[in-house]
2 protein chains.
Amino acid sequence: MRIGELAARVGLTRDALRFYEQVGILTSERRANGYREYPPEAVPWLEYVRTAQALGFSLAEIADHGEELSEAPDQAEALSALFADKIRVIDTRMAELAALRAELTARAGTECPLRKTPGSARRRV
Amino acid sequence: MRIGELAARVGLTRDALRFYEQVGILTSERRANGYREYPPEAVPWLEYVRTAQALGFSLAEIADHGEELSEAPDQAEALSALFADKIRVIDTRMAELAALRAELTARAGTECPLRKTPGSARRRV
DNA sequence: CTAAACAGTGGAGTGCGGTCCAAGGTCAAG
DNA sequence: CTTGACCTTGGACCGCACTCCACTGTTTAG
């Protein structure tokens with residue numbers, strides 16, 4: 001499919017997709033006329049990218065993962081390893097969040113940690 | 001305490017603290033000589049700021065929360081509400097992570113979602 | 001008295017993750 | 001053969017969250 005359709009399907013702009021290609025997250029074939037051509041798998045991949053991003057991974061990290069993946073001798077194995085890695089990261093993140101939650105629960109009902117701000121700057125913050 | 005000590009205590013740079021003041025996250029008194037003076041409560045507040053940031057809140061949002069807080073009729077109640085809100089955010093994040101984890105677990109062993117990149121650009125990704 | 005270690009200011013620069021734009025090429029429909 | 005929708009490129013620009021810098025003022029120790 002061409003870039004416009006892919007953009008529409010995943011809810012990104014064409015500019016964003018070209019940018020992703022620049023930073024190595026997305027690849028494309030080229031038609032004879034120079035147009036980018038994407039395989040259907042680009043859709044789940046971009047959904048995955050979005051998810052990873054939401055989890056706090058930078059585009060650079062996502063690109064690295066993708067590269068590791070495409071360079072691995074055994075792709076299926078590499079992919080499984082990558083996923084296993086991410087699952088570990090997720091577990092860590094979840095533990096952090098749980099700790100945070102506990103801290104907040106404990107603090108709710110405590111003194112205000114912010115000093116009173118009588119005439120605090122009301123810029124477009 | 002002065003800015004250098006606060007910076008050391010919370011692990012931020014003095015520049016960052018001045019920047020936080022600019023965007024309305026932090027306030028300070030001034031000594032006669034112009035030096036900023038911070039109360040001890042600034043430490044837990046900044047820890048809280050960091051936490052909120054880790055949860056994906058922008059500094060602008062955090063500043064807004066801080067303002068709401070300092071303007072609330074009942075500060076203790078407002079603070080509890082704020083914490084309760086963040087706990088809900090945490091719960092949502094955790095659920096997302098759990099979902100992603102399940103997805104990754106399911107996908108591990110599946111086809112690679114990234115197209116092969118024969119000579120992909122090796123910029124400093 | 002001087003030097004070092006702090007503090008202040010304004011402004012420029014950085015890295016990330018895009019977005020916007022101008023100038024132009026391609027292609028299908030009428 | 002023109003119109004309009006789509007595509008190409010490069011480069012400028014944006015908001016966020018800092019970070020660095022130059023230059024100046026203050027305080028403290030020797």
Side-chain angles (χ1 to χ4, degrees), chain A residues 1-39 42-43 45-67 120-125, chain B residues 1-39 42-43 45-67 120-125:
Chain A
M1 92 197 70
R2 286 173 306 171
I3 197 167
E5 188 184 342
L6 180 57
R9 283 209 199 168
V10 299
L12 290 168
T13 63
R14 296 183 307 285
D15 276 336
L17 295 181
R18 287 189 275 251
F19 174 73
Y20 282 2
E21 188 168 323
Q22 266 184 40
V23 299
I25 273 184
L26 190 60
T27 43
S28 58
E29 309 273 285
R30 291 302 181 118
R31 293 186 178 180
N33 58 15
Y35 287 15
R36 286 172 180 83
E37 181 66 26
Y38 298 97
V43 174
W45 168 245
L46 287 169
E47 282 161 2
Y48 167 79
V49 167
R50 188 143 64 182
T51 305
Q53 234 183 327
L55 288 175
F57 292 98
S58 69
L59 295 186
E61 285 169 320
I62 299 170
D64 284 351
H65 293 161
E67 285 209 22
S120 90
R122 173 72 58 131
R123 19 174 53 257
R124 207 292 105 210
V125 218
Chain B
M1 90 196 70
R2 285 173 307 171
I3 197 167
E5 188 183 344
L6 180 56
R9 283 208 199 170
V10 299
L12 289 168
T13 63
R14 295 185 308 281
D15 276 338
L17 295 182
R18 287 188 276 250
F19 174 72
Y20 282 0
E21 188 168 322
Q22 266 183 39
V23 300
I25 272 184
L26 191 60
T27 42
S28 58
E29 309 273 286
R30 291 301 181 119
R31 293 187 179 178
N33 58 15
Y35 287 16
R36 287 172 180 83
E37 181 67 27
Y38 298 97
V43 175
W45 168 244
L46 287 170
E47 281 162 2
Y48 167 79
V49 167
R50 190 143 62 182
T51 304
Q53 238 183 323
L55 289 176
F57 291 97
S58 69
L59 294 186
E61 286 169 318
I62 297 171
D64 284 352
H65 293 161
E67 286 209 21
S120 92
R122 175 68 58 125
R123 17 172 56 255
R124 208 292 105 209
V125 214

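Chain letters run A, B, ... following the sequence lines, proteins first, then strands; residues in each count from 1. None of the values given here were measured: they were computed from a predicted structure.
Contact between the side-chain N/O atoms of B:R2 and the OP1/OP2 oxygens of C:dC6 is not found at any separation under 4.0 Å. Between A:R36 and the phosphate of D:dC6, there is no side-chain N or O to OP1/OP2 separation shorter than 4.0 Å. Between A:Q22 and C:dT19 there is no side-chain polar atom (N or O) within less than 4.0 angstrom of OP1 or OP2.
Taking only side-chain atoms of A:R30, from C-beta outward, the nucleotide of D:dT8, C:dA7, C:dG18 with the closest atom is D:dT8. Comparing C:dC6, C:dG17, D:dC7 by their closest approach to the side chain of A:L59 singles out C:dG17.
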Give the table of side-chain donor-acceptor pairs shorter than 3.5 Å for residues 1-11 of chain A, with sequence neighbours excluded, one pair per line with atom names and distance.
| residue | atom | partner | partner atom | Å |
| --- | --- | --- | --- | --- |
| A:E5 | OE2 | A:R9 | NE | 3.3 |
| A:E5 | OE2 | A:R9 | NH2 | 2.6 |

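For B:L17 against B:Y38, the heavy-atom pair with the smallest separation is CB-OH, 4.5 Å.
Spacing between atom CG of B:L46 and atom P of D:dC18 amounts to 11 Å, rounded to whole angstrom units. Note: CE (B:M1) to P (C:dC6) measures 16 Å, nearest angstrom. The CZ-C1' distance, from B:R14 to D:dC18, rounds to 15 Å in whole Å. Residue B:I3 contributes atom CD1, which lies 15 Å from atom C1' of D:dT26 at whole-angstrom precision. Atom pair A:F57:CZ and C:dG17:C1' shows a separation of 17 Å (rounding to whole Å applied). In this entry the distance linking CZ of B:F19 with C1' of C:dT14 reads 13 Å, nearest Å. Note: CD1 (B:I62) to P (D:dC18) measures 9 Å, nearest angstrom. When rounded to the nearest whole Å, the span between CZ of A:R31 and P of D:dC6 equals 13 Å.
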Checklist entry - Would A:L46 and A:Y20 satisfy side chain to side chain contact (heavy atoms under 4.5 Å, CB included), going step by step from the backbone distance to the final call? => result CA-CA 10 Å; A:L46 287 169; A:Y20 282 2; 3.9 Å; yes

inquiry  = A:E21 vs A:S28, test: side chain to side chain donor-acceptor pair (under 3.5 Å). Steps then yes/no.
reply    = CA-CA 8 Å; A:E21 188 168 323; A:S28 58; 3.0 Å; yes

Protein heavy-atom contacts under 4.0 Å, written 5' to 3' over nucleotides 20-28 of chain C as B (base), S (sugar-phosphate only) or - (none), form the string B----BBS-

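The shortest distance between side-chain heavy atoms of B:D15 and B:R18 falls below 4.5 Å.
Heavy-atom nearest nucleotides on DNA chain C were determined for B:G4 and for A:L12, and the one closer to the 5' end corresponds to B:G4.
Looking at B:W45, its side chain never comes within 3.5 Å of a backbone N or O of B:G66 through a donor-acceptor pair.
A:R31 is linked by a side-chain hydrogen bond (donor to acceptor under 3.5 Å, both in side chains) to A:E37, counting only residues two or more places apart in sequence or in another chain.
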